[in-house]
Amino acid sequence: QVHLVESGGGSVQAGGSLRLSCAASGYTVNSDFMGWFRQAPGKEREGVAAIYTRGSITYYADSVKGRFTISQDNAKNTVYLQMNSLKPEDTAMYYCAATSNWLSQTNWERAQLYGAWGQGTQVTVSS
């Protein structure tokens with residue numbers, strides 16, 4: 001069983017930056033893909049970015065391309081989400097997720113494909 005713990009959320013002004021971390025523990029050998037999702041009040045959970053933990057494949061939502069960067073430190077079993085040029089519309093609870101499924105550009109945003117989830121970390125961007 002994979003256990004995921006997010007950290008790094010907080011409150012920033014528009015244009016600012018935050019780096020989220022997701023530390024994985026437990027049976028991580030099958031966590032081929034790790035992803036970040038977010039959910040704002042009254043909205044559906046949406047995919048933000050995903051990374052193939054055994055290579056260099058990354059996926060991004062159009063809304064964050066050029067502003068957010070997903071990366072990993074396999075020695076620490078940790079995935080990061082560097083968020084720059086934050087906007088008020090980035091305000092949401094951010095969740096880390098892991099899956100042993102192979103993800104492609106067409107399906108990585110499907111939350112049901114991920115089997116393990118963290119508790120989330122809140123990001124609030126003020127204008």
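In this chain, residues are counted from 1 in sequence order.
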Search all heavy atoms of [X] against all heavy atoms of [Y] and return the closest pair with its distance.
| X | Y | result |
| --- | --- | --- |
| Asn101 | Leu113 | ND2-O, 2.8 Å |
| Glu109 | Ala61 | OE2-CB, 4.3 Å |
| Ser126 | Pro88 | C-CG, 4.5 Å |
| Asp32 | Arg54 | OD1-NE, 2.5 Å |
| Ala92 | Ala40 | CB-N, 3.8 Å |
| Leu4 | Ala24 | CD2-CB, 3.6 Å |

Atom pair [atom1]/[atom2] of [X] and [Y] - distance to nearest 0.5 Å:
| X | Y | atom1 | atom2 | value |
| --- | --- | --- | --- | --- |
| Phe33 | Ser104 | CZ | OG | 8.5 Å |
| Glu89 | Leu86 | CD | CG | 10.0 Å |
| Leu18 | Thr121 | CG | OG1 | 8.5 Å |
| Met93 | Glu6 | CE | CD | 9.0 Å |

For the residue pair Trp117 and Tyr95, categorise the inter-ring angle as parallel (less than 30°), tilted (30 to 60°) or perpendicular (more than 60°).
->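 The arrangement is perpendicular - the two ring planes meet at more than 60°.
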Whether Tyr52 and Trp102 hold their rings parallel, tilted or perpendicular, with breakpoints at 30° and 60° |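 Rings of Tyr52 and Trp102: perpendicular, over 60°.
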Between Val123, Thr69, Val64, which is the residue that forms a side-chain contact (heavy atoms from CB on, under 4.5 Å) with Met83?
->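 Result: among Val123, Thr69, Val64, Val123 is the only option passing the side-chain contact (heavy atoms from CB on, under 4.5 Å) with Met83.
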With a cut-off of 6.0 Å (strictly less than), are more than 12 heavy atoms of other residues, nucleotides or ligands near CD of Gln112?
-> yes
Do other residues, nucleotides or ligands put more than 12 heavy atoms under 6.0 Å from Lys65 NZ?
-> yes
Test side-chain contact (heavy atoms from CB on, under 4.5 Å) on Tyr94 and Val48 and set out the steps.
-> CA-CA 9 Å; Tyr94 282 71; Val48 176; 4.2 Å; yes
When you look at Tyr114 and Phe37, which way does the ring pair (Phe, Tyr, Trp, His ring centres under 6.0 Å) test go after all the steps?
-> CA-CA 11 Å; Tyr114 295 77; Phe37 286 74; 4.9 Å; yes
Student check: side-chain heavy atoms of [X] and [Y] closer than 4.5 Å:
| X | Y | result |
| --- | --- | --- |
| Gln105 | Tyr59 | yes |
| Asn74 | Lys76 | no |
| Ile70 | Val79 | yes |
| Cys22 | Trp36 | yes |
| Thr53 | Gln72 | yes |

Compute whether any side-chain donor of one residue and acceptor of the other, for Asp73 and Thr78, lie under 3.5 angstrom apart.
->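 The criterion, which ignores hydrogens and geometry beyond distance, is not satisfied for Thr78 and Asp73.
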Say whether Gln82 and Asn84, considering side chains only, have a donor N or O and an acceptor N or O under 3.5 Å apart.
->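 Yes, Asn84 and Gln82 have a side-chain donor paired with an acceptor closer than 3.5 Å.
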Apply side-chain contact (heavy atoms from CB on, under 4.5 Å) to Phe68 and Leu81, showing your working.
-> CA-CA 7 Å; Phe68 291 11; Leu81 185 68; 4.2 Å; yes
Do Tyr60 and Met34 belong to the same hydrophobic cluster, where Ile, Leu, Val, Met, Phe, Trp and Tyr are linked whenever their side-chain heavy atoms lie under 4.5 Å apart, directly or via other members?
-> yes
Can you get from Val2 to Leu20 by hopping between Ile, Leu, Val, Met, Phe, Trp and Tyr side chains that sit under 4.5 Å apart?
-> yes
Those residues that, when tested against Glu46, pass salt bridge (charged side-chain N to carboxylate O under 4.0 Å, His left out) (two or more places apart) |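 Once residues adjacent in sequence are excluded, the partners of Glu46 under the salt bridge (charged side-chain N to carboxylate O under 4.0 Å, His left out) criterion are Arg38.
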Check: Ser63 main-chain N/O paired with Arg67 side-chain donor or acceptor under 3.5 Å |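 Yes; judged by distance alone, with no hydrogens or angles, the pair exists.
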Would Lys87 and Asp90 pass as an ion pair if we require N to O under 4.0 Å?
-> no
